[in-house]
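Reviewing the structure listed below.
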Amino acid sequence: MQTHTLQERDVLRPRSALRRFDRRQICTGLAATLATFVTGRHARGSSSAPEFYRGKTVRILVGSPPGGGYDLYARLIAPYLAAKIEATVLVENKDGSGGLAALAALLVRPLDGLTIMHASAEAAIISQLLARPGATWDVTKLNWLAKTSMAPKLWFFGPTGRYPTIKDAALADRLTWSATGPADNISDVAAIISHVLSLRSKIVTGYRGAGDMSLAVMRNEVDSGILSADSALPLALNRSIKPVALFGPQRWHHLPDVPTLRETAALPGDKTWIVDLRQQIGEAQRAMVAAPGVSPDRVEFLRNAFSSVLTDPGLVAEGAKTKREIEYLAGSDLQRLIDNLMAQAGARLPEFRKIVLESYF
């Protein structure tokens with residue numbers, strides 16, 4: 001066994017302590033360096049919303065074929081949004097179930113905010129109120145980004161149809177209407193008109209979108225149709241269809257000679273509630289929406305982007321040239337509007353359901 005003198009031990013002890021101190025410093029330094037490295041990697045991975053979207057591809061789902069109102073508005077807006085967020089923006093058409101198949105698809109896409117939808121807010125609301133099969137969403141939980149446009153619904157006949165006027169239609173043994181499906185924001189309006197005017201109607205479903213529905217009326221496959229007025233406007237102006245009434249609270253400036261439904265007939269006092277309710281739901285109409293679960297910072301970023309895009313004078317002027325007016329409402333305001341609508345709909349839901357889902361199919 002090795003021994004050391006007192007002097008040697010005194011000399012060795014400081015060296016041993018120094019070695020222990022060096023080891024502690026080295027370990028501490030390594031830990032700090034590693035922590036800095038990890039923190040740096042984490043910081044780079046958690047980019048801000050503008051950084052996240054820059055250079056990415058954003059898809060706007062549309063629940064109808066190319067050429068319809070939702071599609072045309074989405075394609076009008078897409079390049080302006082792309083420039084604003086410095087991303088590639090593509091429009092993806094996914095028709096089915098009156099646009100609701102696309103909304104269902106939105107919910108199963110990654111919740112990263114790279115897929116949004118130009119949706120029928122009114123169809124989403126109605127389908128939820130009526131507990132339609134496949135309506136797996138809660139509109140109060142969806143992230144509403146902006147309202148893009150609004151137009152009243154237009155009721156029209158074919159130019160050579162069997163019933164040239166509403167008075168003639170009221171005498172029909174069976175008045176047929178085109179629609180994509182139940183509660184598609186077309187068939188429900190047809191059902192409500194039929195109810196308040198006591199029409200003997202049959203709603204024929206299965207049409208793919210606005211083009212198919214209007215063509216069916218023009219070819220006299222069915223007697224009557226409903227479309228958003230801006231989608232129907234080109235057909236009305238070239239006399240391919242015959243407008244008979246607007247389903248809205250007032251006349252529309254593009255078709256000033258077409259009366260509202262209330263102007264065409266005295267509505268029974270016990271039935272006006274359903275017209276009022278449906279018109280209130282129609283206030284939401286076309287809107288951009290993201291799925292629940294998208295991070296709040298990205299939702300806020302998209303809301304701000306749409307605020308800038310939908311008030312851009314260039315976009316507004318371009319839309320006006322083709323009578324695609326922008327009617328912007330901020331996402332937060334639209335969210336409150338939808339929350340209030342869902343809260344107000346209540347005691348008359350069973351009656352509403354019977355009229356729009358069970359009476360005319």
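Owing to the predicted nature of the structure, the values given are computational and were not obtained by experimental measurement.
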Counting N and O atoms only, with roles assigned by atom type, does the side chain of [X] sit under 3.5 Å from a partner on the main chain of [Y], one being a donor and the other an acceptor?
X	Y	answer
Asn304	Glu300	yes
Asp188	Val356	no
His118	Tyr70	yes
Thr205	Thr180	no
Tyr73	Glu325	yes
Lys147	Glu283	yes
Asn143	Ala291	yes
Glu327	Thr148	no
Ser308	Ala305	no
Arg303	Trp144	yes

Is there a side-chain contact between [X] and [Y], using heavy atoms and a 4.5 Å cut-off?
X	Y	value
Trp137	Ser127	yes
Ser178	Val217	yes
Lys242	Phe156	no
Leu246	Leu261	no
Leu199	Ile193	yes
Arg353	Glu358	yes
Ser228	Gln285	yes
Val244	Val258	no

same_hphob_cluster([X], [Y]) at 4.5 Å side-chain heavy-atom cutoff:
X	Y	result
Ile60	Ile326	yes
Ile192	Leu341	yes
Leu142	Leu130	yes
Leu61	Ile85	no
Ile355	Ile203	yes

Exactly one of Gln280, Lys153, Arg286 should register a side chain to side chain donor-acceptor pair (under 3.5 Å) with Glu122. Which one does?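 Single side chain to side chain donor-acceptor pair (under 3.5 Å) partner of Glu122 among Gln280, Lys153, Arg286: Lys153.
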Less than 3.5 Å apart, any donor N or O on the side chain of [X] or [Y] sitting next to an acceptor on the other?
X	Y	answer
Ser201	Trp177	yes
Ser187	Asp184	yes
Ser120	Asn185	yes
Glu51	Ser48	yes

Pairs of donor and acceptor atoms involving the side chains of residues 108-115, under 3.5 Å and at least two apart or interchain, shall be tabulated with distances.
unit_1	atom_1	unit_2	atom_2	d
Arg109	NH2	Glu92	OE2	2.8
Asp112	OD1	Leu114	N	3.0

Is it the case that Arg278 places NZ or CZ above or below the six-membered ring of Phe247, under 6.0 angstrom from the centre and within 45 degrees of the axis?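 Here Arg278 fails the 6.0 Å and 45° test against Phe247.
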Short N-O contact, Asp339 and Arg336, less than 4.0 angstrom: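 Salt bridge flag = no for Arg336 with Asp339.
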Check Arg262 with Asp276, please: is the shortest side-chain N to carboxylate O separation under 4.0 Å?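 Between Arg262 and Asp276 there is a salt bridge, with a charged N closer than 4.0 Å to a carboxylate O.
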Qualifying side-chain hydrogen bond (donor to acceptor under 3.5 Å, both in side chains) pairs with a residue from residues 55-67, counting only residues at least two apart or across chains: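 side-chain hydrogen bond (donor to acceptor under 3.5 Å, both in side chains) check on residues 55-67 returns no pairs.
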Taking NZ in Lys323 as the centre, count heavy atoms belonging to other residues, nucleotides or ligands within less than 6.0 Å. Is the count above 12?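 No, not enclosed.
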Ring centres under 6.0 angstrom apart (Tyr163, Phe157):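 When the ring centroids of Tyr163 and Phe157 are compared, they turn out to be at least 6.0 Å apart.
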Please name the pair of heavy atoms, one in Asn93 and one in Asp71, separated by the smallest distance, quoted to 0.1 Å.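 Closest heavy-atom pair between Asn93 and Asp71: ND2-OD1, 3.0 Å.
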